[in-house]
Amino acid sequence: MTEYRPQEIEKKWQAFWKQNQTFKTEFPSQKPKYYVLDMFPYPSGAGLHVGHPLGYIATDIVARYKRLKGYNVLHPMGYDSFGLPAEQYAVQTGQHPAVTTENNINRYREQMDNIGFSYDWSREVRTSDPTYYKWTQWIFIQLFNHWYNRISDKAEPIETLIAIFEKDGNKKYSAIGGGAACDADIEIFTADQWYKYSDKEKYAITLKYRLAYQSNSIVNWCPQLGTVLANEEVKDGVSERGGYPVIRKEMPQWSLRITAYADRLINDLDLVDWPDPIKEQQRNWIGKSKGCMLEFKIQNSDAKIEVFTTRVDTIYGVTYLTLAPEHELVDQITTPDQKENIAKYILYAKNKSERDRQADVKTVTGAFTGAYAINPLNGALIPIWIGEYVLAGYGTGAVMAVPSSDTRDYAFAKHFNLPIIAVQEGSHTDITKEDFDPKAGTMINSDFLNGMAVPQALEAMTRKVEELGVGYGKYNYKIRDAIFSRQRYWGEPIPVFYKDGMPYVLKESELPLELPKIDAYKPTETGEPPLARAEGWKYETSTMPGWAGSSWYFIRYMDNTNDKEFASKEAIDYWQEVDLYLGGSEHATGHLLYSRFWQKFLYDLGKVKTKEYAKKLINQGMISGVSQKILTVSGPIFDNDGSKKSIHETNTIYTGHNNEQVITIGDMTASVYYSYDYFSKIEDYISQNPDKNYRLIPVNINIVSNNDFNTGILDINEFLKDENYGKNKVLIVKNGYWKNSKFHLFKDEPISDPIPFLTKSEVEKMSKSKFNVVNPDDVINQYGADTLRLFEMFLGPLEMSKPWNTASISGVSRFLRNVWRLFYDDKGNWVVTEGNPDEKSLRILHKTIKKIEEDIERFSFNTSVSTFMVCVNELNDLKCHNKQVLSDLLILMTSYAPHITEELWSKLGNTKSIAYATFPTFNPDYLVENSYEYPISINGKLRHKMSFSLDTLPADVEKEVLASQEIVKWTEGKAPKKVIVVPGRIVNIVL
RNA sequence: GCGGAUAUGGCGAAAUUGGCAGACGCACUAGACUUAGGAUCUAGCGGGCAACCAUGGGGGUUCAAGUCCCUCUAUCCGCACCA
């Protein structure tokens, strides 16, 4: 083969690698290790689009590069194969999700194979495989069997907790559970009392302390999906998947005590090289805030209200308390005359869905309980209100309101005419409008705090309330324990059975607890999860959430076939942790947080070696699609000048080749479509009249050719064939021409071909419904996998989001042909020469080695492609076909374009794969030039260029410059103040 | 509202520690070969006749600023009544 035919050589080498197991990972190995990991995909029915492989290509480049550098590389791939879409498909069709999943996986695999990745497929994992989820269940059991000891600050076996109870009771450790449920529910007992409990009672107590525990939680219940959703699966009050409404409901649920790890999850972010936005999002999500718990006594009552505040310094400005409508004391403290009012308000708040609540946070609502609390510092009586702006789930569900320092309290106070006391300078007036910073300034009207700055006052007041015994400093967290139950079929069964109403976990030997066969996949008629349909199923009926399997898969890759352990100690000792992890930033507060939590738990158990599992994380940017849209109007129709006409008064259109026949549009039920250069004129009108009957609808990008960056040209014939857009279509183009699919109707004059029908281009997320999905297979069929790989890298920086713009792909394709041209001339003759390369070629080569090495080490793949282009162009200009130079070039390029390099490598007479080659060593000697041309600038402005020999030191250069007659002329004979010489770069003379 | 990021030709973008801004590619223009090809090759390509002016706007530090500091503006993303 003497011509570059990518499709042929790519298939050939992909088969070769597979057959020879070229990329099989060594274990055990004496080599240093490198672990490079992609976030594994959920295998959806839509297959891969060009955005998915972006990260895979980048990691593949790193993996291949590290192998050439002598590392033993772990570069695995697998599937996050439990998930909702396969289950929903099963509900509709009855097809087992395992079948759908298997099909989708095969499709994914085929697509990935086409790109030529160097994964070691023998290490593949699938979360839905019983040999895998056996160990997911095993981890759950470990979580169940452990509790969090706040004193040793780690997870410990439940037996150590029981030993403590036997010795001291639970007083000292009452808050160890960490979760809200635990703090509230557990009675204090002594060691003596503990001995008096029955075994069953003892067991019930331990259940509240375990890291996996059951509780009645208020959950996000989605009736349409028939399941509970995690907070991050709910967006704006509707489910992320499907967009169904979500209501809040109390249900018994399994939870994992991630809150126990909150501090470590924040602190250990310092140990990893992750993008700042991700770290920041995680910190935000955990939401640690320093504040103070305060106790308010209630007038004429024994009840006390606890509030959490971050601004205890403003306590003299408290003019009322607000409780969440769900607060447990509301009923008790409400005075008889307010009962009716409060009941009405609670009912109102309860019926308001989460979505409505979030939709209008501006509206102020609330009700007065009739009760008064006492300010613990000055004894002032302050009214107690309830209001929906106070969240039941955060802090204590009660706030001390300081309307002069907090805008929400201010709005509430204004609305209900409650008093406002300024306690900070500048807070006398409307604090929502004034340029007022509540975190700065000095305290006023606040007794002993007067004159103090805010931070100082905070400290002083915290000490004071602790002295008085009415409060204490405390950190509060936004993060909630992670709900772990899903009322679904297609997930890991929770390895739990019930006896006497209490949960017990299975023994390790009983794992895996496999998913049972059931006849239908929807919830039962009585609303129980699908697993309740299984005959003889005596286990927990809910399954684990989607994130369970993905929280530890990176460990399983180390030893994926082990059926004795989740991974062997030897494997974990060797592979340690992921060196480079690549995936999308959308997992910031989901997978990336939960997996860190599990890693820390396994670390506490001594099962893994590192506190964090991924040293370096890169978020690849999303590749968005370019949709092509046309306008359709069902209401008014617009004439050439933009004036509005009704579709019926648009009179008549002429038909036939001779414009003989006349019909009205009104008779034809045709769909009317506007070309962009026509509707751009009326866009303003449309945007100002949003209720009009117009729609921008996407057309398949395959029937649109690129025009410019804003528009495309529609293939009218293809469009007319497509019945999805109506049988009869009237297309309105620039000059008021009309065209109909059936009759080829023209108005006024026949359409003079070609008048392009323009579409409007819009950059959007790739999705089926927008017809803007680009399939990598199509690109490969046209250009080859190497071109696809190079092009995806060339598009721009890896981390940046960018639209898929096929326009510049031809340049990359041309480049690969130029590479081929270094070996074969245009007549197909082999032109590679033997012998020693000349100095110029070596210079080019070593410049390239240096650059490529630097680029890959700092993950700047786009610049590498440019570097290759420059290198090949320069070698071409030199007519360099030297074998040694070209060999090294192929090794440099093989990470990026493995197929073409493998082919040419074999043509050079190598019998072993290029994957076993060694990355060339950079030799700086080749880069040193005989002379260097220094630009000379005077006062920063470029004036002149001078050449100096290579062994001239900067100081000598300086002397030479000053001695130069020409420079003396430039400086007009003045003695310079300073001469700055940057070696190899520039000389600057400061006058 | 809070937090984070980004801003460089017609377009995607380079510029690693402050050191000749615009590499490389696309598009475009002219020419060559051929002559209906979306092929290939050569040259040009930020603005200005020029000196010079140009990295979202304004200010500062420096011999030297896309890069550092202050400030304003625009766009994107995340969180959002978190007390």
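Note that the coordinates shown come from a computational prediction; the quantities given were computed from them, not determined experimentally. Just so it is clear: chains get the letters A, B, ... in the order the sequence lines come, proteins before strands, and each one is counted from 1.
Set against rG78(B), rA15(B), rC79(B), the side chain of Thr863(A) has rA15(B) as its closest nucleotide. Closest to the side chain of Val390(A), from the set rG78(B), rA13(B), rA83(B), is rA83(B). Nearest nucleotide to the Lys851(A) side chain, out of rC24(B), rU16(B), rC41(B): rU16(B). Considering only the side chain of Glu280(A), rG3(B) comes nearest among rG3(B), rC26(B), rA83(B). For Arg817(A), the side-chain atoms get nearest to rA39(B) when compared with the rest of rG25(B), rU16(B), rA39(B). Distances from the side chain of Leu391(A) to the nucleotides rA83(B), rG3(B), rG25(B) place rA83(B) closest.
Residue Pro803(A) is classed as having no contact, given no heavy-atom separation below 4.0 Å to the nucleic acid. Among the atoms of the strands shown, only primed sugar atoms or phosphate atoms (P, OP1, OP2) are found under 4.0 Å from some heavy atom of Asn873(A). At a threshold of 4.0 angstrom between heavy atoms, the contacts of Glu854(A) include nucleobase atoms, whether or not backbone atoms are also involved. Within 4.0 Å of Ser866(A), counting heavy atoms only, lies at least one base atom of the nucleic acid.
Atom-to-atom distance recorded for Phe861(A):CZ and Ile852(A):CD1 is 11.0 Å, nearest 0.5 angstrom. One finds the CZ atom of Arg817(A) at 9.0 Å from the OG atom of Ser810(A) (value rounded to the nearest 0.5 Å).
Atom name C1', nucleotides rU73(B) and rC63(B): the rounded distance is 32 Å, in whole Å. Comparing the C1' positions of rC28(B) and rU17(B) gives a spacing of 38 Å, expressed to the nearest Å. The same atom, C1', is picked in rU55(B) and in rG46(B); the two are 11 Å apart, to the nearest Å. rA5(B) sits 23 Å from rC81(B) when the P atoms are compared, rounded to a whole Å. Comparing rC76(B) with rG59(B), their P atoms are spaced 28 Å from each other, to the whole Å. Only the P atoms considered, rG1(B) is 42 Å distant from rG48(B), to the nearest whole Å. Atom name P, nucleotides rU8(B) and rU67(B): the rounded distance is 13 Å, in whole Å. A distance of about 33 Å separates the P atoms of rG4(B) and rA21(B), rounded to the whole Å.
Within the structure, every side-chain polar atom (N or O) of Arg821(A) is placed at least 4.0 Å from both OP1 and OP2 of rU40(B). Applying the 4.0 Å criterion to OP1 and OP2 of rU62(B), one finds that Asn988(A) has every side-chain N and O outside that range. Phosphate contact (OP1/OP2 of rA15(B), side-chain N/O of Arg858(A), threshold under 4.0 Å): present. Look at Arg814(A) and you won't find any side-chain N or O under 4.0 angstrom from OP1 or OP2 of rA39(B). A sub-4.0 Å separation between OP1 or OP2 of rA83(B) and a side-chain N or O of Ser289(A) is present. In this structure, Asn862(A) does not reach the rC24(B) phosphate: none of its side-chain N or O atoms is under 4.0 Å from OP1 or OP2.
Heavy-atom nearest nucleotides on RNA chain B were determined for Val990(A) and for Val812(A), and the one closer to the 5' end corresponds to Val812(A). Comparing Thr310(A) and Ile809(A) against RNA chain B, the residue whose closest nucleotide sits nearer the 5' end is Ile809(A).
Regarding Arg311(A), its CZ atom lies at a distance of 20 Å from the P atom of rC81(B), rounded to whole Å. In this structure, CG of Leu795(A) is placed 17 Å from P of rC11(B), rounded to the nearest angstrom. Here rC79(B) presents its C1' atom at 6 Å from CG of Asn284(A), a figure rounded to the nearest Å. Rounding to whole angstrom units, CZ of residue Arg480(A) and P of rA80(B) are separated by 13 Å. As rounded to whole Å, 14 Å separates atom P of rC20(B) from atom CD1 of Ile980(A). When the P atom of rG12(B) is taken as reference, atom CG of Asn805(A) falls 9 Å away, rounded to whole Å. Between the CD1 atom of Ile844(A) and the P atom of rC24(B) there is a distance of 14 Å, given to the nearest Å. A straight line from NZ of Lys765(A) to P of rC76(B) spans 17 Å, rounded to a whole angstrom.
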Report the secondary structure of RNA chain B in dot-bracket form, marking unpaired bases with a dot and bases paired to a different strand with |, and treating Watson-Crick or G-U pairs with both distances under 3.5 Å as paired.
(((((((..(((......[....))).(((((.......))))).((....))..(((((..]....))))))))))))....
Side-chain polar contacts of residues 274-281 of chain A - donor-acceptor pairs under 3.5 angstrom, sequence neighbours left out - could you list them?
residue: Trp274(A); atom: NE1; partner: Ala614(A); partner atom: O; Å: 2.9
residue: Lys279(A); atom: NZ; partner: Leu269(A); partner atom: O; Å: 3.0
residue: Lys279(A); atom: NZ; partner: Val272(A); partner atom: O; Å: 2.9
residue: Glu280(A); atom: OE1; partner: Arg283(A); partner atom: NH1; Å: 3.1

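In summary, the aromatic rings of Tyr320(A) and Phe412(A) are positioned with their centroids under 6.0 Å apart.
Among all heavy-atom pairs drawn from Ala398(A) and Glu306(A), the shortest one is CB-O, 3.7 Å.
Under the rule for a salt bridge (Lys or Arg N to Asp or Glu O under 4.0 Å), the partners of Lys850(A) that lie at least two apart in sequence or sit in another chain are Glu854(A). For the salt bridge (Lys or Arg N to Asp or Glu O under 4.0 Å) test, no residue two or more places apart in sequence or in another chain qualifies with Asp825(A). Among residues two or more places apart in sequence or in another chain, the salt bridge (Lys or Arg N to Asp or Glu O under 4.0 Å) test is passed with Lys478(A) by none. Residues forming a salt bridge (Lys or Arg N to Asp or Glu O under 4.0 Å) with Asp313(A) (at least two apart in sequence, or on another chain): Arg311(A).
By the 4.5 Å heavy-atom criterion applied to side chains, Asp786(A) and Arg789(A) are counted as neighbours.
In this structure, rG9(B) is classed as syn because its glycosidic torsion stays within 90° of zero.
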